[in-house]
Every structure is written in C-alpha cells, then in structure tokens.
Enquirer: 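What follows is a single structure, and I will ask about it in a moment.
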Amino acid sequence: MRRTNYCGLFSERDVGKLTTACGWVETKRDMGGVIFIDLVDREGVLQIVFNPAYTSPEAFALAERVRNQSTLLVEGEMFLRDEETVNPKIGTGTIELRVSHAELLSACGDLPFNPAEADDVREDLRLRYRYLDLRRKRLRDNIRFRHRVISSIRLFMDGEGFIDVETPILTKSTPEGARDYLVPSRVHPGSFYALPQSPQLFKQLLMVSGFDRYYQIARCFRDEDLRADRQPEFTQLDLEMSFVEMEDVLTLLENLLRHVMDEVKGVRFDEPFPRFTWAEAMDRYGSDKPDLRFDLPIVDITDLDAVSDFSVFNRAVEAGGVVRAITVPGQYDLSRSTINELTDFAIAEGAGGMAWIAWRPSGEIYSILTKYVKEENLLELLRRVDAEPGDFVLFSADKLDVVRHVTGALRLRLGDMLGLRQPDKFAFAIVTDFPMFEYDEESGRYTAQHHPFTMPFKEDLDYLLSDPPRVRSQAYDFVLNGTELGSGSIRIHRSDIQTRVFQALGLGEKEIEERFGFIINAFKYGAPPHGGFAFGLDRLVMILAGEQSLRDVIAFPKIRDASCPMTDAPTPVDDLQLDELSIRLADSIRPEDDRASTKEDKRRAELNVKRLADDSRLLISPEDEESVRDSLLELISFADALHEIDTDGLEPTFSTSESHDIWLTQRDERALTAEDALANAPESRQQFFFVPPVVE
RNA sequence: GGCGCAGUAGUUCAGACGGUUAGAAUGCCAGCCUGUCAAGCUGGAGGUCGAGGGUUCGAGUCCCUUCUGCGUCGCCA
C-alpha cells in the first residue's frame with residue numbers, strides 16, 4: 001500500500017501516472033453521478049474524483065458513504081484539470097486524481113468537532129480531543145515551526161562547539177524558589193526525588209568536569225500556577241560556557257538569536273541588540289522586560305520647579321518619592337472616558353491618581369495643572385518631557401517603586417491602545433546588572449533575584465553580608481517584545497564566595513551543607529570561571545509564531561489547574577501502588593466512601609447542622625449541635641423506614657388512631673417570661689427578636 | 001486565594017420587559033442531483049438552557065449557592 005507521495009506534494013509532473021495516495025477525508029462534494037473528495041495529509045490537499053466512468057462500483061459506493069476525517073487509500077491516474085475547474089486556493093489546484101480503486105483504512109465516527117473548521121471551538125473540548133485538534137493546519141504549522149526553531153538552534157550550537165549532554169530528571173529537591181514536583185522513592189521509603197526546575201547545578205558541574213561548552217534542550221518542571229505564558233513543564237534551551245565573561249555569553253546569545261531569526265523568520269538584525277542596566281530599564285520603561293516595539297519613554301521630572309508648584313506632586317517628592325511622565329505624541333484629543341479609564345487603570349495598579357496635560361495643536365494647555373503651576377514652569381516641564389502641541393502627557397507621583405510599576409503598566413496599556421504592539425514586529429532587548437537580592441516581606445529575609453549561584457560584581461563583594469541590597473549581580477536577561485525570553489549569569493566558581501552568598505540568604509551552615517554541600521565541594525577541586533543562560537523555548541516559539549498562548553505551540557499542554565484534559569492526569573492511584581511507596585494519604589483527601597464506611601456515617605458527614613440552623617433562623621450552640629444532629633438523623637432514618645414500607649393496595653387512612661376523645665393531659669403551667677421565649681433567638685433586643693427578611 | 005469574562009442542539013451562536021411548542025447556521029440521517037471545491041435542493045432527527053435551590057400563576061431570562069473553562073493579580077530563585 002505504498003503511497004506515491006504526500007497528498008500536498010503531488011504536482012503536474014505526476015499527470016498521466018498511476019498514483020496511490022493516502023490521507024484524511026476533509027470535505028466531500030457529492031453531485032450524485034460524480035463525487036469529489038479533498039484528501040489531506042500534513043503536506044496539503046489533493047482533490048480525488050470518483051466517477052463510474054473510471055471508478056469501480058465498490059470504490060464509488062465507498063465514496064458515497066465515507067464520512068469526513070476517515071482515512072482512505074486511493075489508486076488511479078493523475079489528471080490535469082480543465083482550465084475552468086482549476087482551484088487556485090490549494091497547492092495541487094491544477095491536478096486531480098481520478099480514482100479507480102479505493103480502500104477505507106479507518107472509518108471516522110461521530111466527531112466532537114470538525115478539525116477542518118475548528119478555529120473557534122471551545123478550547124477545553126479541543127484539548128480533550130487534542131489528537132483531532134492537532135489535525136488543524138494552524139496547530140500543525142505551529143508544531144512544525146517549533147521543530148524548525150529547535151533544528152536551527154541545534155545547528156548553531158553544534159557549529160559553536162557546544163556538546164549536548166543529558167542531565168537527570170530524577171534529582172534532588174532544593175527548596176529555593178518555585179515549588180518542586182516530588183517523586184517518591186520505593187527503595188528509600190519517605191524520601192523523594194524532585195523533578196528539575198532547571199539543570200542549573202548539573203551544568204555547572206559539567207563545567208567543573210571540563211566539558212567547556214554544554215547545551216541541552218531540557219525539560220523543566222515548576223509546581224506553580226499556570227498562565228497563558230506559563231506551563232508546569234516547559235522546555236529550555238540550556239547552555240553553559242567555561243572561561244568566559246559576561247560579554248562572551250551575551251555575544252554568543254545575540255548571534256544565536258540572529259541566526260534563528262534569519263533561519264525561521266527571514267528577519268535580519270544587523271544592529272547590536274539594545275542594552276540597558278536593570279535600573280535604566282526600570283526608570284525608562286518601568287519594567288525589567290521592556291517592550292521595545294514602541295518608544296513612549298518614561299521621563300523623570302522630580303527636580304523641576306513645576307513639581308513644587310503642585311501640592312500632589314510636591315507631597316510625593318517630600319516623602320522621598322519621584323514624579324515621572326509619559327508623552328503620548330498626537331493624542332491631545334483623548335476622550336474624557338478614555339482618560340478616566342487610564343486613571344482607573346493607574347489606580348488599580350497602585351497609583352493614587354493620574355494627572356495629565358492635553359496640549360492642543362492651537363497651543364492651548366488643557367490640564368488641572370494650569371491652575372497650580374506657573375506658566376513658565378509648565379513650559380519647562382513640557383520641554384523636559386519632549387512634548388509638542390498636539391501631544392498628551394500623563395504623570396505619576398509616588399514612591400520610586402510604585403511610580404516605576406505604574407508608569408510601566410501605563411506605558412504597555414498605551415501601547416495596546418494605540419496598536420503599537422504588533423505581533424509581527426520583533427524587538428529584542430538585553431537587561432544587565434540586576435540586583436543580587438530581593439527582600440521578601442513574607443519570610444522577612446533576602447532571596448536571590450536570579451539564583452544563588454550568580455556571581456556578584458567584584459566591587460560589590462564586600463557588601464554581601466553588610467549591605468545586601470547594594471550588591472549587583474552579573475546576571476542578564478534577554479527580552480523579546482516585552483516578554484522575558486530567558487536569563488543567565490556568570491556563576492560563582494569559588495566555594496568561599498558561594499558560602500557567603502548562602503549566608504546572606506540566611507542559610508545556616510548545616511543547611512548549606514545538606515542542600516548544597518556537593519556543589520560547594522565541587523568548587524574545591526579546580527573550577528573554571530563559567531557562565532551561561534537558559535531560554536524559554538516555548539515562549540520564543542510562541543512569540544515568533546504570533547500566538548497568544550503556550551498551549552498553541554505545545555503538542556500536549558496542560559490546562560490552568562496543571563491537569564491534562566486528554567489523559568485526565570493527574571489521577572488517584574491504587575492503594576497497592578501507594579503501599580509500595582510507603583505513602584498514606586491525608587484523611588481530608590481520601591475518597592469519601594473510604595472514610596464514611598456506612599450509609600449512616602456518610603449521611604452524618606453530609607448533614608450540615610449549622611447551615612440548617614442558619615436557614616431556619618435558629619441559634620444552636622456548638623454543644624447542642626451533636627444532639628440536634630442525632631435527632632435529625634433519627635428522624636431521617638424513621639422517614640426512610642416509612643418509605644420502605646410497602647403500601648401498595650392499602651386504603652389511605654387519615655390517622656393511625658381513633659381521632660375522637662383525645663385530651664391533652666399534661667399542661668405546662670409555668671409562667672413563660674419574655675427571656676425564656678427569646679432564649680433561642682439568634683438576635684434579640686429589648687424583648688423583641690428580629691424577623692428574618694424572608695418573612696418580612 | 002482575590003477580581004473579571006464565559007457556559008443554550010454534536011459544533012458556532014441568537015434568544016427586548018419573565019409569558020404560546022426555545023430558534024438559526026453548520027454537522028448528522030433520508031431522498032434528489034455527472035464538474036464541485038464552504039457544492040446545491042427537499043425532508044427529518046437532535047435540547048437536563050452547566051448543576052442545585054429560591055422568587056413567581058409562569059424562569060433560558062430575576063436572586064442565592066455551586067461546578068467547569070479562560071484571562072488577570074498573588075505566586076513563578
């Protein structure tokens with residue numbers, strides 16, 4: 001059954017030849033006496049024609065009943081189409097296969113959706129039938145594009161002398177940073193491997209071993225919440241080089257990206273990638289991952305006289321803060337509602353408010369600032385922010401980090417609003433000189449901004465323990481279109497510095513030894529200075545493919561709760577499997593049947609007395625709860641018992657006893673006080689209790 | 001965990017103020033049709049309006065609870 005070629009690769013050269021083709025039925029056009037089928041495979045579409053004039057009766061009958069997405073094998077002669085029946089929309093539009101013989105390879109059942117027209121189908125459904133989803137051209141193209149990106153990376157890395165080395169997937173948990181995925185060990189009950197968050201330590205050890213240049217397309221795992229641009233398992237291009245300085249690594253990375261962009265997108269970058277220190281990026285773009293597809297720089301105006309004229313600005317400055325502005329060229333006529341929207345957005349991002357100036361082309365300045373700021377100071381301000389008549393200027397005044405954040409968010413928002421973030425435009429940026437440490441409010445200690453194996457600047461080494469915030473690290477990020485593609489650093493290769501960094505992070509001697517002893521030890525036997533990088537490959541492919549979600553460039557992605565809708569992973573496992581691993585589940589997550597073995601117990605667990613009491617407006621003390629529960633269960637059991645009595649064919653009765661001559665023999669003679677009567681009311685005051693609104 | 005959006009035939013969607021038997025397109029089934037390429041024409045089947053409760057004479061529509069999916073913040077060295 002060897003096919004002659006892929007459906008999409010037949011050409012006019014095949015005309016006149018006896019041909020075999022295989023593929024999926026994409027559409028069928030049944031005219032009664034002649035049937036056209038578009039047969040597709042990964043390379044494209046071919047029209048095959050069934051006509052009793054040249055098609056066997058069996059094949060014709062097959063064509064009549066075959067359904068979309070079934071797989072077929074057909075044989076016949078390839079023909080040139082008549083000029084008026086050419087289809088310019090497909091690559092094989094000038095030819096058609098006239099079928100003599102056909103075979104149904106596999107019939108397609110009722111489809112949950114048709115992949116040929118599924119671009120708008122709910123994503124959760126598509127993910128459950130991912131194998132159908134992947135028949136869509138767009139997704140198939142993305143996955144193939146990803147392959148091309150990886151191929152071009154491998155070609156480049158090989159050419160630069162990098163050696164591909166695999167590192168362990170079952171490794172040691174080092175609980176810094178993201179949460180680990182843990183794998184229990186059968187042989188070592190109670191002990192766990194962790195899946196690697198990155199091959200960081202192994203690649204450094206490969207440098208100690210002398211491999212000099214390592215790379216790997218490595219799978220990494222992080223047990224954190226998902227986003228459109230974040231998956232729990234993702235792929236990195238991981239690399240490491242020995243005897244290098246920062247500049248060597250950056251040059252290599254730039255060249256790698258130039259190579260990839262040229263190979264897979266045909267885009268050339270001749271200029272050096274723009275570089276910023278972390279502080280520059282934060283000040284000018286309000287972000288450590290600036291989107292350079294557009295400019296809209298943030299300008300500091302803290303020192304201007306205009307600032308002291310306006311009390312809102314002045315207060316921020318006197319409190320040690322800053323005032324900054326963004327000039328939006330040509331947007332003086334933003335509508336009031338747009339301005340309000342921007343203001344609300346700024347407030348949501350943490351600003352107190354948002355002052356603005358609309359400088360009309362006539363020269364008139366429309367702004368609340370004109371009331372407070374002297375005209376010459378205002379003009380000076382407009383000069384500083386590089387504004388011209390016709391422009392719109394907006395401001396943020398607050399503490400430095402708030403202003404950085406707010407202006408950064410506004411800048412992106414404005415970019416979106418003005419359509420400046422085009423997906424087919426590519427702008428790289430390199431950010432260097434990150435702070436070594438970040439203060440973590442929650443744990444009350446410093447954490448490594450990049451990771452604890454990053455080499456600080458030589459001139460900052462002395463401040464490691466005395467003034468951690470001052471220490472800058474030799475870390476660098478590559479940014480594409482405002483997305484962090486990856487980060488890297490020059491590593492520490494001396495055990496004494498490594499130990500001091502761990503100390504700065506608040507780790508005790510014993511902890512350091514337990515968690516990282518092996519790497520500190522390794523540095524005692526001659527380690528080369530080294531540095532490297534890790535690229536988020538999925539993200540790179542996503543941006544280059546113009547997609548908004550990583551799920552569109554990963555064959556079998558996970559959804560928001562880190563589960564797989566297709567396989568249903570993760571799933572509970574047999575007790576046997578757990579026993580082997582010496583694992584017992586917490587009571588709270590055991591299946592309910594297990595915990596509440598009898599029907600009675602189960603019901604007891606389900607009966608929410610507090611909720612019932614609330615619904616009935618009754619106050620039931622915690623002590624009474626159990627007895628009320630018992631009474632209720634008794635009632636329910638009694639009702640159940642009644643329910644089970646067979647009453648078929650019985651005369652209905654109105655009472656179980658004679659209904660006459662009944663006296664109430666016992667009377668409660670106590671005088672009822674208001675306090676007694678209201679004793680069980682949830683809320684009462686001055687001998688009244690509150691009537692629930694439902695009754696009102 | 002917070003906030004926002006969505007959930008109605010297999011699929012994509014419509015459904016004013018709460019009011020007759022919940023519609024359309026497409027897909028599916030049957031019939032017709034020998035040059036279509038989103039084939040066409042005729043007919044038919046197909047619905048727990050995500051689930052539960054409430055208000056009402058009456059709920060797809062209003063209220064409460066809940067589930068699911070997506071986005072976003074927290075989180076992601």
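Quick caveat, the model's predicted, so the values are computed rather than measured. Each chain gets a letter, A, B and so on, in the order its sequence line appears, and its residues count up from 1.
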Enquirer: Is a donor-acceptor contact shorter than 3.5 angstrom present between the side chain of A:N68 and the base of B:rG27?
Expert: no
Enquirer: With both distances under 3.5 Å as the test, what is the Watson-Crick or G-U wobble partner of B:rU56?
Expert: none
Enquirer: Tabulate below the donor-acceptor pairs under 3.5 Å that side-chain atoms of residues 545-552 of chain A make, not counting sequence neighbours, or state none.
Expert:
residue	atom	partner	partner atom	Å
A:E547	OE1	A:R138	NH2	2.7
A:E547	OE2	A:R138	NE	2.9
A:E547	OE2	A:R138	NH2	3.3
A:E547	OE2	A:N142	ND2	2.9
A:S549	OG	A:R551	N	3.0
A:R551	NE	A:E123	OE1	3.3
A:R551	NE	A:E123	OE2	2.7
A:R551	NH2	A:E123	OE1	3.1

Enquirer: What distance, rounded to whole Å, do you find between the two P atoms, one in B:rA59 and one in B:rG2?
Expert: 32 Å
Enquirer: Is there a donor and acceptor pair closer than 3.5 Å between the side chain of A:R81 and the base of B:rC37?
Expert: yes
Enquirer: Any idea which of B:rU34, B:rU72, B:rG69 is nearest the A:V34 side chain?
Expert: B:rU34
Enquirer: Quick one: does NZ or CZ of A:R130 land under 6.0 Å from the six-membered ring centre of A:F556, within 45 degrees of the ring axis?
Expert: no
Enquirer: Starting the side chain at C-beta, find the nucleotide from B:rU11, B:rG35, B:rG69 nearest to A:L125.
Expert: B:rU11
Enquirer: Give me syn or anti for B:rA45, where syn covers glycosidic angles within 90 degrees of 0.
Expert: anti
Enquirer: Counting side-chain heavy atoms from C-beta on, which of B:rC37, B:rU36, B:rC33 comes nearest to A:F36?
Expert: B:rU36
Enquirer: Taking the same atom, C1', in B:rU61 and in B:rA25, what whole-Å distance lies between them?
Expert: 23 Å
Enquirer: Please tell me which of the listed nucleotides, B:rG69, B:rG71, B:rG35, lies nearest to the side chain of A:M31?
Expert: B:rG35
Enquirer: Could you tell me how far B:rG52 sits from B:rG15 if I compare only their C1' atoms? Round to whole Å.
Expert: 24 Å
Enquirer: Using atom C1' of each nucleotide, how far apart are B:rG35 and B:rU8 to the nearest Å?
Expert: 40 Å
Enquirer: Could you please name the partner base of B:rG7, counting Watson-Crick and G-U wobble pairs only when both distances are under 3.5 Å?
Expert: B:rC67
Enquirer: Take the angle between the ring planes of A:F79 and A:Y54 and call it parallel below 30°, perpendicular above 60°, tilted in between.
Expert: parallel
Enquirer: What's the closest nucleotide to the side chain of A:I559 if the choices are B:rC70, B:rU11, B:rC76?
Expert: B:rC70
Enquirer: Can you tell me the Watson-Crick or wobble partner of B:rG1, both distances under 3.5 angstrom?
Expert: B:rC73
Enquirer: Have a look at A:E96 and say if it touches a base, only the backbone sugar-phosphate, or nothing, with a 4.0 Å heavy-atom cut-off.
Expert: base
Enquirer: Could you tell me whether A:K289 atom NZ has more than 12 heavy atoms of other residues or ligands within 6.0 Å of it?
Expert: no
Enquirer: For nucleotides B:rC62 and B:rU72, find the distance between their P atoms and express it as a whole number of Å.
Expert: 28 Å
Enquirer: Is B:rC49 in the syn or the anti form, by the rule that syn lies within 90° of 0?
Expert: anti
Enquirer: Mind checking the C1' distance from B:rA45 to B:rG7? Whole angstroms is fine.
Expert: 25 Å
Enquirer: How long is the span from the CZ atom in A:R500 to the CD1 atom in A:I497, to the nearest 0.5 Å?
Expert: 6.0 Å
Enquirer: Ignoring hydrogens and angles, tell me if any N or O in the side chain of A:D538 forms a donor-acceptor pair with the backbone of A:T235 under 3.5 Å.
Expert: yes
Enquirer: Between the side-chain atoms of A:N51 and the base atoms of B:rU34, is any donor-acceptor pair under 3.5 Å?
Expert: yes
Enquirer: Run A:S473 and A:Q449 through side-chain hydrogen bond (donor to acceptor under 3.5 Å, both in side chains) and show every step you take.
Expert: CA-CA 9 Å; A:S473 68; A:Q449 226 250 11; over 6 Å; no
Enquirer: Choosing from B:rU34, B:rU36, B:rC75, which nucleotide comes nearest the side chain of A:R230?
Expert: B:rC75
Enquirer: Taking the minimum atom-to-atom distance to the side chain of A:T27, which one of B:rC76, B:rC73, B:rA39 wins?
Expert: B:rA39
Enquirer: Where the side chain of A:R29 is defined as all heavy atoms beyond and including C-beta, which of B:rC76, B:rU36, B:rC33 is the nearest nucleotide?
Expert: B:rU36
Enquirer: Looking only at the side chain of A:D225 (C-beta and beyond, no hydrogens), which of the listed nucleotides B:rC37, B:rG1, B:rU11 gets closest?
Expert: B:rG1
Enquirer: Classify the side chain of A:R560 versus the base of B:rG71 as yes if they form a donor-acceptor pair under 3.5 Å and no if they do not.
Expert: yes
Enquirer: Base, sugar-phosphate alone, or nothing: which one does A:R126 contact when heavy atoms must sit under 4.0 Å apart?
Expert: nothing
Enquirer: Roughly how many Å apart are B:rC70 and B:rC57, using the C1' atom of each and rounding to a whole number?
Expert: 40 Å
Enquirer: Just call it for A:Y54: base, sugar-phosphate, or nothing, with non-hydrogen atoms closer than 4.0 Å on any strand.
Expert: base
Enquirer: Assuming nearest nucleotide by heavy-atom distance, tell me which of A:L127 and A:D38 is located more 5' along RNA chain B.
Expert: A:D38
Enquirer: Below 3.5 Å, does any donor atom in the side chain of A:E224 face an acceptor in the base of B:rG74, or the other way round?
Expert: no
Enquirer: Taking atom P in both B:rC5 and B:rC75, compute the distance separating them and give it to the nearest angstrom.
Expert: 24 Å
Enquirer: Under 4.0 Å: is that the gap between some side-chain N or O of A:S549 and OP1 or OP2 of B:rC70?
Expert: no
Enquirer: Of the options B:rG35, B:rU36, B:rC70, whose atoms approach the side-chain atoms of A:E123 most closely?
Expert: B:rC70
Enquirer: Verify the contact: side-chain N or O of A:K28 to OP1 or OP2 of B:rA39, cut-off strictly under 4.0 Å; return yes or no.
Expert: no
Enquirer: Would you say the side chain of A:R67 and the base of B:rG27 hold a donor-acceptor pair, judged only by whether the two atoms sit under 3.5 Å apart?
Expert: no
Enquirer: Can you tell me the Watson-Crick or wobble partner of B:rC28, both distances under 3.5 angstrom?
Expert: B:rG44
Enquirer: With a 4.0 Å cut-off on N to O distance, would you call A:R491 and A:E240 a salt bridge?
Expert: yes
Enquirer: Would you classify A:Q449 as touching base, sugar-phosphate or nothing, given that sugar-phosphate means primed atoms plus P, OP1 and OP2, and contacts are heavy atoms under 4.0 Å?
Expert: sugar-phosphate
